[in-house]
4 protein chains.
Amino acid sequence: MNASQTPSLHQQLVPQYESIRGLSKALAAQLSDADATVQSMPDASPAKWHLAHSSWFFETFVLRDHVEYYTLFDPRFAYLFNSYYEAEGARHARPMRGMLTRPSLDDVLAYRAHVDTAMVRAIPMLADEARALMSLGLHHEQQHQELMLTDMLHLFAQNPLFPAMFGAPNSMPALQPGPLRWIEGRNGIVEIGADAGHGFAFDCEGPRHRTLLHPHALANRPITNAEWISFIEDGGYTDARHWLSDGWAWVRAEGIEAPLYWQKGENGWTRFGHDGRQPVNPAAPVTHISLYEADAYASWAGARLPTEAEWESGALNISPTSGNQLDDATCPRPHACEQGEGLVQMFGDVWEWTGSAYRPYPGFVAAPGGVGEYNGKFMSGQFVLKGGSCATPRGHVRASYRNYFYPHQRWQFTGLRLAKDL
Amino acid sequence: MNASQTPSLHQQLVPQYESIRGLSKALAAQLSDADATVQSMPDASPAKWHLAHSSWFFETFVLRDHVEYYTLFDPRFAYLFNSYYEAEGARHARPMRGMLTRPSLDDVLAYRAHVDTAMVRAIPMLADEARALMSLGLHHEQQHQELMLTDMLHLFAQNPLFPAMFGAPNSMPALQPGPLRWIEGRNGIVEIGADAGHGFAFDCEGPRHRTLLHPHALANRPITNAEWISFIEDGGYTDARHWLSDGWAWVRAEGIEAPLYWQKGENGWTRFGHDGRQPVNPAAPVTHISLYEADAYASWAGARLPTEAEWESGALNISPTSGNQLDDATCPRPHACEQGEGLVQMFGDVWEWTGSAYRPYPGFVAAPGGVGEYNGKFMSGQFVLKGGSCATPRGHVRASYRNYFYPHQRWQFTGLRLAKDL
Amino acid sequence: MNASQTPSLHQQLVPQYESIRGLSKALAAQLSDADATVQSMPDASPAKWHLAHSSWFFETFVLRDHVEYYTLFDPRFAYLFNSYYEAEGARHARPMRGMLTRPSLDDVLAYRAHVDTAMVRAIPMLADEARALMSLGLHHEQQHQELMLTDMLHLFAQNPLFPAMFGAPNSMPALQPGPLRWIEGRNGIVEIGADAGHGFAFDCEGPRHRTLLHPHALANRPITNAEWISFIEDGGYTDARHWLSDGWAWVRAEGIEAPLYWQKGENGWTRFGHDGRQPVNPAAPVTHISLYEADAYASWAGARLPTEAEWESGALNISPTSGNQLDDATCPRPHACEQGEGLVQMFGDVWEWTGSAYRPYPGFVAAPGGVGEYNGKFMSGQFVLKGGSCATPRGHVRASYRNYFYPHQRWQFTGLRLAKDL
Amino acid sequence: MNASQTPSLHQQLVPQYESIRGLSKALAAQLSDADATVQSMPDASPAKWHLAHSSWFFETFVLRDHVEYYTLFDPRFAYLFNSYYEAEGARHARPMRGMLTRPSLDDVLAYRAHVDTAMVRAIPMLADEARALMSLGLHHEQQHQELMLTDMLHLFAQNPLFPAMFGAPNSMPALQPGPLRWIEGRNGIVEIGADAGHGFAFDCEGPRHRTLLHPHALANRPITNAEWISFIEDGGYTDARHWLSDGWAWVRAEGIEAPLYWQKGENGWTRFGHDGRQPVNPAAPVTHISLYEADAYASWAGARLPTEAEWESGALNISPTSGNQLDDATCPRPHACEQGEGLVQMFGDVWEWTGSAYRPYPGFVAAPGGVGEYNGKFMSGQFVLKGGSCATPRGHVRASYRNYFYPHQRWQFTGLRLAKDL
C-alpha cells in the first residue's frame, strides 16, 4: 500500500467510483431477467454479461491482484465473464454468452454489490498501480454502459412488438438545421494523441506525436436524416459507383436499403430507438450507418470522410463534455442539428466515422500483462470513430479518444461529418 | 352447440383438461424468466414459447373458431406463437424465438390463465368438432411438455455451471440387466396403425391397415450404457464400416465420439441430465443417440434396427401406460434395464429408433384446414421412433404412436432396441 | 483360374466388355481436356474422373486382386480415383475432384487403354468370383455413363454461352399426348425385388420378397411439360399447402420457380439440354425436378407418388429394354408422351420418383469386402426412382432396379408419374 | 487521331507492347487447356481468364472506344471477361470463372492474336488519351502475369501429384545470410507518392505529397526461412500474445501452423513452388505468409512492421529494376538473402507487408469513367505491400508502387522486413 497519496484525492475517488458504477445499475433497472440474459447477435452481449464482466475487471485486476484477503465472489465467474483476455485463461465462448440463464440478474447484482463493497473499502489504500487499474476499470465500465445500451437496442429491435426501453423524452422543437458550411482546418504539423501525464487516456490514444495535415475543410455539422433521405431517393443504395467494393458486396449480400432500424411505412420512414418505433426526425443527425454507407454518402456528395488527425485537430478547442451525452438512465437519442458558429456537435449525438484505419501511433507499445490486451490487438480491419454519442457517458470521451469498429458494423450510434481537400 | 353429449362425459373433460394443462405449468415452476426465454439452438424452443404456443392452439382452433364472444388475449400473439401453420398466416421466424424477452414468463402465464378460464367455461358446451380439436390440443400439449423438458435440458447443457433443473431422485439400486435375449416376432399379415373410431390418435397413425411381416426377432430389452461403452471402446466411432455414409460424414464433421451430453473424465463417463451432471449408469438404456449412432451400433453388433411394423406388432399386447413415463414435475431419467419375461421396457424410458422412414400409411389423407398441417408435411427425411420415453406424459403414447426425427437429431431421450432376420 | 467355363460364354464377354467400355469413350469424344476436367458442383464429378474411376474399378477389384503379373498403370491413381470405398483407403476429397488438371484427358484415355488391354486378355481366364466382379464393373460403368452425361449437362449449364454437347437430333413431330388415364394395379401379396440366380442385379435389389399391395391405380403416362406449366401458372411454387415442409424451405431458400435448366423468356419457357437451349416441348415428360417438386405436384393434383412396390409390380410385364434409352453417343432427351394402351413410358425417358424411402429389403445383407460398400451405406435420407431415363444405357435398367437420390436433387433426368388409392 | 507524336516514340511502343504481351503467352505455354481453365479458389482466376481479361482491357478501353472500324472478336466476351468494372455492365460472377470450359485456351489465344493485330496497327495512330490507356493496359497486363503465376501455383498445390509448372532452375549455392542489421531511416518531412508527370504510375500512387517520418530503423534484409522456423519452434503459432485478435481467430479457425505450401516431413520442412515440392531453403526470405503472420513474427521479435512511408523513403535511392524479378518464362523463386551494405533485396524476391492500411493519399481522386474503378474502390480492409517479388515482371514495380491484399491472404509471394522505433 502506498501511503503517499493525500486522503483528499482518495476521498474523491470513492464517490466517482460509486457514481459510475451506479449508472450501470440504473441503466439496467428497466430490464427483466430475460431482457438481461438474451444475446441478439455474436457482436452484442447480454446486459447481464456487461454488468458482470465490468465487475470481473475490478475483481481480477484490482481486488485479486492487489488486495489481501479479498475473497472471490464465485471462482467460476472468471471463466464466465472474461471477455477476451488470453492471459487470463480459458473463457466462455463469446457467441454463447446468451446461454447463461444462470447466474440470474439478481445473482449478478449481488456480485456487483460484493465487488463494490470490497472496492469502496480498498480504494483509500490502493497503491499507484492498483489505482491506475481502478481508473482503467471505471473508463472500461463506461464503455460497457454504452455497449449495454446499444446491445439492448439491438435485442429489442428483434422483437416484433418493438418494446421501448425508456419512456419517450419530451418532444423536441422542430428545428431546421441550416445549410452545411465548410470550416477550414489547420494546416502543417500539429500534435495529436494523448500525453501520458495529462489525465486518463487509453493506451492506444498515445503517444502524443506530431502529424502533418494537408489543406482541408470539415463540414460544420453532421449529415442529417433529411440529407440521408435525399441520398436514398437519389438511388444511393443502388448505384455501385459510390461504393467501396467491399461495401457494395455487403449492400447486395445483406439487402441493405437504409440505416439500421429504419422502416419505410405509409407515412414515411420510421426508426427504432430506446423510445420504441418513432418517425425519423429530419433535423437530427443520421445514425446507425456503417462506414461503407458513410463513405458512399461522401462519395455521392463529392466529398470524403475526415482523417482522424483532421477531426482531432478540429476538436482541440472544443469542450469534450459539451454536447448531447449520457448523464443518467434516460432515453439516449441524437438531437436536431445545431446552427451555431464553427464546428458544432463534434462531441455527443453520434460517433463520426473517419477515413482512418485503426492502427498504432508512432511509438505505441502495448502495456505489459493482461491489460495490455486492451486495445492493441484489435488494430486490423477497423476504422476510427471520434467524438462520442448520445449514449456515451459524459466525461468518458475526449478529442484523442479512438473508438473503432469494423466497416460493416452499425449498431452503435454512428454517423458522419464530411471533409474535403482544399 | 351440441346438446346430445351426456353431461358426465363433459364433466370428465374439464378435470382432464386441467390436469394436463396443470402439468405444463408445474414443469415450468423451476424456471426463471430467463430460463424460460432463451433458445439454445434452432431445433429447440424456449419454455415460454412452448407454454404460449400450446395455449395459442386452444385459443385459435377452439376458442376463436368455435366460441362466441371469446376475446383474444392479445391479437399480436398469433404472430408470435404460431409454430408452422402456414394456413394461419405469417409468423415469427423459428430461429428467432429466443429473442422474445417480452412478453415475460408472467405475461405468458397470464395468457395461459386467460385461455384456461375460457376453455373450462366452454368445454361443457362444445360441439363434436370443437371437442375433437380440444382433444387434439391436449395431446399437442403433452408433446410440448416432453419437448419443453428436452429443450430445457439442451439449454442447461450449454451452461458451464451445469445447473440441475430438478433435485436428484432417490438413488436407484445397482441393477444388473441380464444378457440380451431374442424374442421371435409375428410373421405374415398383421394389422397396424390406429383405427379411426377407437380413441384418440394423430392423423398420421392411420388408417389402420394390413402389412406383411417377414420372419424376425426383437431384442428383449434396449441396449444399455454398458453395452454402448463396449461399442466405444471397440472403436465404434472411428470405423467407417459400421456407418451409413451420411452418418459417417456427420460423425467426422461434428467430431462425435459419444452420446450427446456425455463427457469422459478421470473417473469414467458422466452424462448431463435434469439432475445435473452424473456418472453414467451402466445398467440404464443408452439415450441421446442419433439414428446414425443406433444404426452403426446395430451394424457393429451384427443386427439391425426393427421396422416400425415389427415394433408395433411386438407391442400389441403390452400396456402403453406401463413403464417409466412422466407423471409429475419430477426428474425424468431412464431406469435400469429390467429382467422380466418377453419384451420389456417397450414403453417409456427411451424412444426407440426404428429403421422405417416416416412416410404416410396406405390411404393416408391429411385433415382439411390448418390442423391438417399437423403431421403430413413432415414426411420426408425423418425416421420413426416408437414407445415413448421417461419424459413422455403417461397416457400420451400408444403402440400406433409415430414419433419422428431427423437421423442426426439426438436431444430427445432416444435409444435403440436391436432386431434381426430369422 | 477356373477352366470350367465354356469358351462360348467367355467369348461373349469380351465383345460385351468392349461395347460398354467403348460407349464411355464415345460419349467423351465431344469433350475438350478442359470440359472433361472441371467439376461444377460437389454432387457432380468431372468427365475425366468418371472415365478414370470406372477404369480404377476394374483395375482394383479384378486385375489387382485376381490377375497375376498385372502391373498398375500408376500406383498414385488409387488415391485419385477411388470414389467412396473406405476399405480401399484414403482418397482425394470429392469436392476437390475438379482440381486435377493433371493427369490430362489423354493420360486418362491411356489409362483406360491399359486397363482394357489387360481386361480383354484376362476375361477368358477369369474365375467365377472375378467374372462376377467384372460384370459388376460393367454395370457400374453404365451408371457412370449416365452420370457423366448429366454432370456434363450441369457444367455446360453454368456457361453463359450455353454450349451444346451434341448436335440437335432430328426435330420430332408435334405429338399431343392424350388425357391422363388411371390404370388399376395389382392388389394383395406380390413378389418384388431381384432373385439372386436370375441375371445381374445390384445387391440392394434383393432379396426377392413378398410385399403387400393395397388397392391403387397408376397414371398411364408421366406428367408432361404442358401439365407442369399449368402447375406453375396456378401458383404451385408459391403455395405452401402443396409442399412437404422440407420442400417448402428448399423452395424459399433456393428461390426455386421452375424445373432445373428452365428459363422464362419473351417467347415462353426454354430449357437447357445436351442440344443447347431449346423451347420446352409441351408434349414431353417434365424432367429435372426434385422429389419435393414431384410431391407438391401430386398434392396439387389430388394424387400421390407411387410406392416402389406399386411401380415395380406395374412394370413386371413390360420389357425393360423398350423405351427411349441411351444406345450411342447421340443427344439424350425425353420423347413426347405416347398414347398407347396400359402403362406407357415406364422405362426410359425420365426416372420416376417414388414415394418410397431407399431402405433395405427384408433380409438384405451387404456383400463382404470393398464392393459391399456399393449400395447399403447410402440407405438414409434418399428416395427411390424407377425405370431409367433417356440417358440410361439400354440394357442397364430393369423393374427391380433401385436408383436413389436426395429429395432436393434434380440434375438427373427425373420426372414423375401419379398414383392414387382406390 | 493525333499526328503530333513523333514516329520514334510510337516506334518504341510497338516492341514494348509485343514484348509484354508476349511474356503472358510464354508463361502460359506450359499449360494444358485444363490447367488454364480451372479456378482453385474464389480469390484466384484461371490462367485462361487472365489471358482473356487482359486482352479485353485493350479491346474495350482502347480499340472499342478509340479505334474506328474495330470489330469485336466476340461480343459475348465482354460479359465473360470483365473483372469488376461496374460501369462496363453485367459480368460473369467471379467465383464461376472456372466453369468456362468454352471458349478453349486456343480460342483465347486466337482472341489475343486478334487484339494484338489490331493494337499493333493502331498504336502509331493513337491520340494521347488512348495511348495513356494502352500504357495502363500494359501495366495491367503485368499485374495479371504475376497473378497468373501465383494462381497457377495455388491450383497445382491442390493436386496430390504436385506437378511442377517449370523445370527446376539451377541449384543455388548454399549461402549463409549474415545477421540482421538495423539501418536508420530518414526523419522529418519527406515526399512520397508518384508525381503525375514523371512516368507511369497507377492513380492510387499519387498525388505526390509530404509526410512526416518519426525516428525509426529498418532491417537490412527480409526475414529468412531459418528465422521463421525458429518462430515456429518457439511456439509462435500457438501463443495468442503475439497475434492480432483477427489473426488469432484466423489461425485457430483455419488450423494454420506454417506458411502456405509448407509441409513438415521426416526430413524437415518442404515447400511447394513452381518447381514442385522442394526442401525449404533456410537462407531464402520466408514467403507465402499473411499480414497476420508477419505481424505476429514482428511482435515475437520485439519489432514491428514498417509503415509504407518508411519503406518508400528507404527505397528512394535504390534501383527498382534491380533484384530478383521476372524476366522470362522460367521458374520464379526467392533467392537467398544477400549480405550487401545498407538495405538489400528491397525490390524483388518477396512483397513486403507494411503496417499501413491501403487508404487514399491526400488529394487522391479516382479517374473518371470505367478505369476510375481501377484502385480507389478497394481502399478498405487491405494492407499495403511494397517492392515486388520474384514473380513481378521487371520494370513493373517502383518505390511508390502500392500493392494491397487482405490481411489473411498469402498466395502471393509475400514476406516481411522488420522495423523499429528509435
Side-chain angles (χ1 to χ4, degrees), chain A residues 28 30-41 44 46-49 51-52 73-82 89-109 111 151-165 272 276-277, chain B residues 28 30-41 44 46-49 51-52 73-82 89-109 111 151-165 272 276-277:
Chain A
Q30 309 298 322
L31 304 180
S32 70
D33 184 24
D35 290 337
T37 298
V38 172
Q39 180 176 32
S40 60
M41 61 170 172
K48 206 167 70 180
W49 189 90
L51 294 169
F73 180 76
D74 186 327
R76 303 172 304 174
F77 280 19
Y79 182 83
L80 297 181
F81 298 125
N82 177 3
R91 63 197 175 283
H92 194 56
R94 178 177 184 124
M96 299 293 277
R97 287 176 184 168
M99 296 296 111
L100 301 175
T101 61
R102 321 269 178 106
S104 69
L105 177 55
D106 283 345
D107 293 337
V108 165
L109 293 175
Y111 178 38
D151 290 355
M152 287 311 304
L153 183 61
H154 190 267
L155 170 61
F156 281 21
Q158 312 310 308
N159 192 323
L161 306 184
F162 291 126
M165 184 166 163
F272 182 67
R277 184 152 291 287
Chain B
Q30 309 297 322
L31 304 180
S32 70
D33 184 24
D35 290 338
T37 298
V38 172
Q39 181 176 32
S40 61
M41 63 171 171
K48 206 167 69 181
W49 189 91
L51 295 169
F73 180 77
D74 186 326
R76 303 172 304 175
F77 280 19
Y79 183 84
L80 297 182
F81 299 124
N82 178 3
R91 61 197 176 282
H92 193 56
R94 179 178 182 123
M96 299 293 278
R97 287 176 184 167
M99 296 295 111
L100 301 175
T101 60
R102 322 267 178 106
S104 69
L105 177 55
D106 284 345
D107 294 336
V108 165
L109 292 175
Y111 177 38
D151 290 355
M152 288 310 304
L153 183 61
H154 189 266
L155 170 61
F156 282 22
Q158 313 309 309
N159 192 323
L161 308 184
F162 291 125
M165 184 165 164
F272 183 68
R277 184 153 290 287

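Computed over heavy atoms, backbone and side chain alike; hydrogens, waters and symmetry mates excluded.
Using a 4.5 Å heavy-atom cutoff, the side chains of A:P160 and B:H92 are in contact.
To the nearest 0.5 Å, atom CG of residue A:L31 and atom CZ of residue B:R102 are 7.0 Å apart. Interatomic distance, B:D35 CG to A:T37 OG1, rounded to the nearest 0.5 Å: 8.5 Å.
Comparing B:L161, B:V38, B:L100 by heavy-atom pairs within less than 4.5 Å of chain A, the highest count is held by B:L161.
In this structure a side-chain-to-backbone donor-acceptor pair under 3.5 Å is missing from B:D33 to A:S32.
Closest of all the heavy-atom pairs between A:M99 and B:Q39 is CE-O, 3.5 Å.
With a threshold of 4.5 angstrom between heavy atoms, A:L80 approaches chain B through side-chain atoms but not through N, CA, C or O. In this structure, no portion of A:S104 lies under 4.5 Å from any heavy atom of chain B.
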